[in-house]
Amino acid sequence: MRDILIINLKRNGDIFTTGHIIRSLITKYPEIKISMLVLEEFKKASEAMKGIEKVYTIDRKKILTYTKNKIFSDGFALDQFSKDLSEIRSKNWDAVFNYSNDRVSTHITSLLKSKSLKHFGIRFNDTCNVEYSNEWAIVFNDLVPSVKYSPVTFIDAYMHMANLTPNRESYVLRTKQDYNEACAKNFSEIRKIESTGNDIKLVGIQLFSSSAYKNLDREQLVSLIDALYMNTNFFPILLVAPIDEEREFAASINADFNNSLVSVEADFVALNSVIMNLDLLITCDTAIKHVADLSSIPTIEISLGEAPLFKQGTINPESYIITPSVNSREFSKKAVDQSENLQTQHMLINTNDIMALVNNILLAETLNGYHFNKGVSVYRVNQDELGMYHVLAHGEVDTIVETERLMSRQYLIKKFTKTEDVSYYRDLQAMNISDVEAWSTKIKEDITETSKTLLGTLRSLLQLDNSKAKLKSFVQNLTSLISICESESQFTALPVLRFRARIEALNSSNIESSAREVEALLYELKANIQVQVEIIKSVSDYVRTAKDQTRLRSSQGILNVNQ
Amino acid sequence: METINNSLKSQESKKPFRIETYEVKSSRNNFKVPVVNDVHLHSIYNPTKEAQALISNYDENLQTKNLVLVFGLGFAYHVHELCRKLESYHGNNYQVVVIEPNEQVHRDCISNNLFPNKNIKVYTGFDLENIFGDVSLVRFLTKKPLIIQHPPTFNLYVSFFKNFLDFTAKTDVTSISKFVTDKSLREYLLSSKSDNNQTFNDFMTENILGKNNLNNELDHMLLAYTYLSNGEF
C-alpha cells in the first residue's frame, strides 16, 4: 500500500487514537503516504501527528452556518461540501480507511469506490446496503456501539480491521525542537527548585474536558492540587488549552495558592512537548489522555459522565482508570443529560483515592490493604491475544458486570483466534462464585431460548414456498431472533448482533430470493452459539472447582477444629 | 475598491423605491452632499463632524470588531471616519462592506473623489437576489460583522433595508444549483424531470432515496451532504 486515506470525522480524542494505526502502518509499509480527512474544527489534532502527508478537511461549521441561516442559499453549503471533497475525489487511493462510524463517512467511502483499490471498515454498495471489509468491521461498527460494557477498545478494533500489529516503540507525535528544549529546561528547573534532596515527580493536571459532567468540580480539583502540592515528592503542573475559559479557571485556582502553581498553556504541538516531560498525567476523559498514551506517559483517568471507559479508556499498562462503579453508570450523553444522579457521580471520587494511585504509580507504594471509597472501582490495563483490555484491579466489584465483560471478550478471543484465555476463568474464581454461577445458569437458559428461536427460524425458512402464511411465520421467527439483540445480557446478544448486521447487509430486500444466504447466516449463528456453549461449560467447570476448593477448605477447617 | 453594479434599469419593476429627484449640494463648510427626493443624506452644515458623531457611538465595539457592515454609503463621510477608527485599532486588518441601493449616489461619490479606497466593498442596486448571490458577501456575513446604519440613507430606503434584513434565499433546486461550481454536480441537480420549483429535499426523495440503485457516485456525495447538513451524525 502506498497512498491511503483515513477518514475520521470525529473529535480530537478520536483523531489522536488514529495515531496508533498510523505508526503501525508506517512500520508495516515504510513507503506509505497517509492522508487524513477530518472536520475542519479538529484539523489541529491531525496536524499534531507525524507521518500524515496531507490533511483534508470538511468545513462542517461553515456548511451548517449556510444551511441554518435562511438568508444564505443552500447552494453555498453544497458548493462548499463539493469543494471540500474535490481533491480527494481527484486522486486514486490504494486503500480508504473508514474509521468513523457514521453515515457521512460511509457515503464518502462509497463515493471513493471507483478511486480506491480497497476499503477498510464499511461502505455502501449500489443498493445502499453495508459492505463490511471483514469481520472486525462488524465488531467495530455493530458490536462495540451496541453493548454497554465493550469487550474490545476502538483502537484494537481499528488494528484488527486493518490487520495491523501494534508498534508502541515509534513516536508518532509532532513536536518542535525549541518547545522540547524549553519544556525540558523549565521542568528541570522546577524539579531543582522544588526538591528537598529527593527526586521530584511532575504531575500534570488537565482541568477541563469537553463535557461538564466528565469533570471534577472546582473544590475537588483544589483539594487534589493541594495534596500534590503539599507532598514533598510531587509538584502539580496545571495544563491549560489556549482558550479564555480555561485560562481564567486556571488563574482562579492558582490564586487560591497565592499564585505559586505552575500552569502551562499549550496548543496541541506544544502540548506534546509538555506531556513527554511529565512523570504522570491526571485527567478526566480528554484528548490529552490519548496524547499521553501515544507518549507512553502513565495516566490516572477519572472516568465520569458519558466517558466511554471500555471503548476509549487509556490503554497504557502503567495507567489506572478510576470510576464510579460501572453498573451505576450510563455511557450515553443523552442518559447523563437526563439524570441528576449520573451528573453528580463525581462526588464519589475523592482526593485520597487519587493520591493512593499516584503513590502507587510514582513511588511503587502498594495498594494492598488500601480501601477505596464505597461505590468506586479502579481498572488497570492488561494485554491478551486481542490487544489491550481493562481489568478490575481495586474497589467495588459487580460480579455480574465483570463476568459479562470478561466472557464477552472470551467469546471474541475464541471467535477470532480459535483459542481461549483461561486466565479469564481464573479471574472469575476470585469473584463472588455464587453470582458467577447464577450468571452462568441464566445464560444457559438464554442460549437454550436463542437456539430454539434459531431452529424455529431455520425450519420456517426451509418450509418457505409461495404461501403467505409460511412467509409470515418465517418473518415472525426472524423478528423474535433479532429481538435477542436487546437482551439484558450482552454476552447473550453478541452472536445475534453479528447476525443482524449480516442480515441487514444482504443485497436483496426479498427474503425468498436470498433464502440461501439467510440459511448460511443462520448456520453461522448456530456455530457462534456453540462457541458460547463452550464458554459456559468452561465457566461451570471453574465454578465447580472453586466450590470444591471452598468445600475442601471448610472441611479441613472443621477437621482442624475437631482435632 | 470593488463594486458590484446591478443595473437599476433592468430591475426597474423590482424596485421598491422610486427616485423622483436627485441633486448634489454643497455644505456650509464646502463638502458635497447628495440629496435624494429632497432628503439630504448628510448634514448641510458640517458632514464630517456629523460623521464623527455617528461613528463615535460605535467606538467601543470597533475596538474588538474589525468587520463592519454599513447600511448606506451616501458620500462616504461616515465610511471614511469608520475606516480611520478601524485603522487606529486594527491597522490594515479590517474589512468594511457597504450596502447602497442608489447606484447614482455611489458613482458620484467616486467621481467626487470622496471614496476612501481601502478594504471596502460596496454593493449597489435594489436586487437582493443578486446581492445575496455574491459568495464573498455571504462569507463576510457568516463572520457576523458589526452593523452600522447611516440613518438618512436607511430611513430613505427603509423598505429595501428591511427586505435585506428579512431576506430568505430560494430553496428550489434550480436556484441552489446556480451556486454549485462543480459542473457535473450542477448538471445532475438540473437533470431532474420534475418542475423547476422542486425543493432540494424533494429532489433527494424523488431522485436518490427512491432509487433502487445508487448508480451515480454523486448520489453518495449528496447523501453525505444531506446527513452532514442535517447534523445526523
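We name chains A, B, ... by the order of the sequence lines, and we start the count at 1 in each one.
For B/F71 and B/F164, the ring centers are positioned less than 6.0 Å apart. B/F132 and A/F72 have their aromatic ring centers separated by at least 6.0 angstrom. For B/F200 and B/Y225, the ring centers are positioned less than 6.0 Å apart.
Neither the backbone nor the side chain of A/K10 comes within contact range of chain B; no heavy atoms are under 4.5 Å apart. At a 4.5 Å heavy-atom cutoff, B/L128 makes no contact with chain A through either its backbone or its side chain. Contacts between A/I63 and chain B at a heavy-atom distance below 4.5 Å involve the side chain alone, from C-beta outward. Residue contact with chain B, scored on non-hydrogen atoms closer than 4.5 Å, involves the backbone of A/N125 exclusively. Heavy atoms closer than 4.5 Å to chain A are found nowhere in B/S177, neither backbone nor side chain. Using a 4.5 Å cut-off between heavy atoms, A/L64 touches chain B through its side chain atoms alone. For chain B, the nearby parts of A/S73 are the backbone and the side chain; heavy atoms of each come within less than 4.5 Å. Within the 4.5 angstrom heavy-atom criterion, atoms from both the backbone and the side chain of B/N213 approach chain A. For chain B, the nearby parts of A/L9 are the backbone and the side chain; heavy atoms of each come within less than 4.5 Å. Looking at A/R123, neither its backbone nor its side chain comes within 4.5 Å of chain B, counting heavy atoms on both sides. Using a 4.5 Å cut-off between heavy atoms, A/L85 contacts chain B through its side chain alone, with no backbone atom that close. A/T67 touches chain B through its side chain: at least one heavy atom from C-beta onward sits under 4.5 Å away, while N, CA, C and O do not. For chain A, the nearby parts of B/L228 are the backbone and the side chain; heavy atoms of each come within less than 4.5 Å. Interface remark: A/Y66 contributes side-chain atoms only to the contact with chain B (heavy atom separation under 4.5 Å).
Here the closest heavy-atom approach between residue B/G74 and residue B/V105 is recorded as O-CG1, 3.3 Å. What you find for A/K311 and A/V144 is that their closest heavy atoms are CE-O, 3.2 Å.
Side-chain contact check for A/H119 versus A/K113: every heavy-atom pair is 4.5 Å or farther apart. Side-chain contact check for A/F124 versus A/T109: every heavy-atom pair is 4.5 Å or farther apart.
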Take A/K118 and A/S133 through the test side chain to side chain contact (heavy atoms under 4.5 Å, CB included) and record every step on the way to the result.
CA-CA 8 Å; A/K118 63 165 137 177; A/S133 59; over 6 Å; no
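Heavy-atom contacts from other residues, nucleotides or ligands closer than 6.0 Å to CZ of A/R11 number 12 or fewer.
Of the listed residues (A/D74, A/D102, A/L78, A/T65), the one with the most heavy-atom contacts under 4.5 Å to chain B is A/L78. Counting heavy-atom pairs closer than 4.5 Å to chain A, the top-ranked of the candidates B/H220, B/E217, B/K211 is B/H220. Highest contact tally toward chain A, considering only B/T171, B/D182, B/L223, is held by B/L223 [criterion: heavy-atom pairs under 4.5 Å]. Of the listed residues (A/S86, A/S82, A/S114, A/S100), the greatest number of heavy-atom pairs within a distance under 4.5 Å of chain B belongs to A/S82.
Taking the six-membered ring where tryptophan is involved, the planes of B/H42 and B/H78 are tilted, since the angle between them lies from 30° to 60°.
A donor-acceptor pair under 3.5 Å is absent between the side-chain atoms of A/S105 and the main chain of A/N101, judged by distance alone.
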